[in-house]
Amino acid sequence: GPSARNPVETNGIIAPLARWGKSDRLLDENWQVLADAIKAKNSEQAREAFLLERTVCMSCHIAEGYEFINDTSIFKETESFPGD
């Protein structure tokens with residue numbers, strides 16, 4: 001699965017996350033929190049972990065000068081969850 005030390009491909013966009021320094025640990029830890037929450041069927045924890053991961057990704061896009069990525073459908077479609 002994705003991790004901060006491996007590139008993530010989303011809709012053909014490759015993001016070398018390792019360049020972001022300390023966020024790589026946060027991303028790796030958060031992917032595990034997300035995976036564990038999904039396995040445990042803990043929807044609130046999964047939602048929180050996903051939104052944190054999304055925020056870290058979007059912050060990196062801005063820091064790297066690729067903020068336009070945040071306007072793509074994958075980020076627009078994940079702004080909220082059913083019931084929000």
> At what distance, to the nearest 0.5 angstrom, does CD1 of I62 lie from SG of C57?
Replying inline: 11.5 Å
> Closest approach of A37 and A46, non-hydrogen atoms and distance?
Replying inline: CB-N, 3.5 Å
> For the atom pair CG (L51) and CE (M58), what is the distance rounded to the nearest 0.5 Å?
Replying inline: 10.5 Å
>> Rounded at 0.5 Å granularity, tell me how far CD in E53 sits from CG in L34.
In response: 7.0 Å
>> I'd like to check the side-chain hydrogen bond (donor to acceptor under 3.5 Å, both in side chains) partners of S43; sequence neighbours left out, ordered by chain and number.
In response: none
> Taking a hydrophobic cluster as the set of Ile, Leu, Val, Met, Phe, Trp and Tyr residues connected by side-chain heavy atoms closer than 4.5 Å, whether directly or through intermediates, do W31 and F50 fall within one such cluster?
Replying inline: yes
> In terms of hydrophobic clusters joined by side-chain contacts under 4.5 Å, are V33 and I38 together?
Replying inline: no
> Looking at side-chain heavy atoms only, is the closest gap between E44 and N42 below 4.5 Å?
Replying inline: yes
> How long is the gap from CD on Q45 to CG on D36, to the nearest 0.5 Å?
Replying inline: 7.5 Å
>> So, using side chain to side chain contact (heavy atoms under 4.5 Å, CB included) as the criterion, who are the partners of E77 when residues are at least two apart?
In response: S73
> Hey, what do you get for NE2 (H61) to CZ (F68), rounding to the nearest 0.5 Å?
Replying inline: 9.0 Å
> Can you find a pair of side-chain heavy atoms, one from R54 and one from E79, that are under 4.5 Å apart?
Replying inline: yes
